[in-house]
Amino acid sequence: MIEDEFRTVCSYALVGYEGLETLRIHGIEPSPIGPRVRWEAPGMPAERERILSGGGFVSLGPPSGPMMLDLLSRTLAARWAHGTPRCPANWRNSLQQRFPKLFSDEDPCVGPGWSWLFEAGAVALRERGVPRNFTTQQTKEKFGSARWYWSAEESCEYTKNVISTVENLSAFICEDCGRPGRIRRGGWAKCRCDVHASGKAAR
Ligand SMILES: [Zn+2]
């Protein structure tokens, strides 16, 4: 089940990624945060693409394949940590208590299906050290995916990458329940699994 979810989200989220054909899944192994999908993708560049535009301005491409795979594996580990996934009603409060440097007030101000995604991002950030005076300015859903606005006193490539990956992956995880999802066509743009899509087709 966890492996099926991993494969399904990959099939949605990694379309067009260089080296995707080298992705191999080797099974599931226990870890302190829950069952981790073991994978390798030797042909996927680890670095995020830098796009040079006119005037020498450099912008960053989407998160790298390995970053996406790592955070997805962490997300599913948190989701399946206690057997069949069930998001407790107090999940937001629990994240605020576990990660007080990262979340306060209403954050993460998104649906419960993304709770494990934000938890995975928070665990990844804490492992490397949260940048000095990190502040989450706002979290929300917009056009079907998550937004996580933040500031810090020091610039930190890793933090930037983790947070972009959380935002990017959210477009492929149901905001209601955490199953693989797609942004749906119709009057509203929300990321939903087939069960929660109310019959709306994926974009
Ligand atoms: Zn759902």
Side-chain angles (χ1 to χ4, degrees), residues 1-17 20 23 25 27-28 31 33-37 39 62-63 65 67-96 98-99 102-103 106-124 136 138-149 162-203:
M1 290 181 290
I2 183 169
E3 195 175 316
D4 290 340
E5 289 192 352
F6 188 87
R7 287 182 189 279
T8 304
V9 174
C10 286
S11 73
Y12 297 160
L14 298 178
V15 173
Y17 268 71
L20 179 59
L23 174 62
I25 293 168
I28 314 289
S31 84
I33 55 167
R36 292 283 301 260
V37 174
W39 57 271
M67 276 296 293
M68 294 281 278
L69 290 160
D70 177 67
L71 205 78
L72 175 59
S73 154
R74 290 171 183 273
T75 299
L76 295 181
R79 173 167 157 76
W80 289 88
H82 308 290
T84 304
R86 193 187 63 84
C87 186
N90 67 343
W91 67 272
R92 195 173 284 116
N93 212 268
S94 148
L95 279 188
Q96 290 162 3
R98 286 175 58 201
F99 304 99
L102 299 178
F103 305 120
E106 298 302 312
D107 295 313
C109 192
V110 296
W114 289 345
S115 60
W116 300 287
L117 179 59
F118 275 85
E119 178 180 349
V123 170
T136 291
Q138 192 185 20
T139 47
K140 63 176 181 179
E141 178 276 332
K142 189 176 181 188
F143 304 131
S145 60
R147 299 288 187 279
W148 184 346
Y149 302 115
V162 167
I163 290 180
S164 298
T165 309
V166 168
E167 293 180 335
N168 202 291
L169 270 179
S170 68
F172 308 100
I173 293 175
C174 176
E175 191 186 356
D176 275 358
C177 72
R179 286 192 200 99
R182 310 296 303 264
I183 296 180
R184 304 286 165 167
R185 273 198 281 246
W188 41 259
K190 301 278 184 195
C191 186
R192 295 289 183 268
C193 66
D194 290 341
V195 174
H196 292 118
S198 308
K200 289 180 191 289
R203 277 185 181 168

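Atom set for the values below is all heavy atoms of this structure, side chains included, hydrogens, waters and symmetry mates excluded. Whatever order the structure lists ligands and atoms in, that order sets their numbers, starting from 1.
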Considering residues at least two apart in sequence or located in another chain, which fulfil the salt bridge (charged side-chain N to carboxylate O under 4.0 Å, His left out) criterion with Glu141?
-> Lys190
Arg192 side chain to Gly181 backbone, donor-acceptor under 3.5 Å = no
Side-chain donor-acceptor pairs under 3.5 Å in residues 167-174, sequence neighbours left out?
from   : atom 1 : to     : atom 2 : distance (Å)
Glu167 : OE2    : Trp148 : N      : 2.7
Ser170 : OG     : Ala146 : N      : 2.7
Ser170 : OG     : Glu167 : O      : 2.6

Okay, side chain of Thr165, backbone of Met68: is any donor-acceptor separation there less than 3.5 Å?
-> no
Close to the Zn ion (ligand 1), meaning under 2.8 Å, how many protein N, O or S atoms are there?
-> 4
Working for side-chain contact (heavy atoms from CB on, under 4.5 Å), residues Leu69 and Cys10 = CA-CA 8 Å; Leu69 290 160; Cys10 286; 3.5 Å; yes
Can you name the side-chain contact (heavy atoms from CB on, under 4.5 Å) partners of Ala202, sequence neighbours left out?
-> Arg182, Arg184
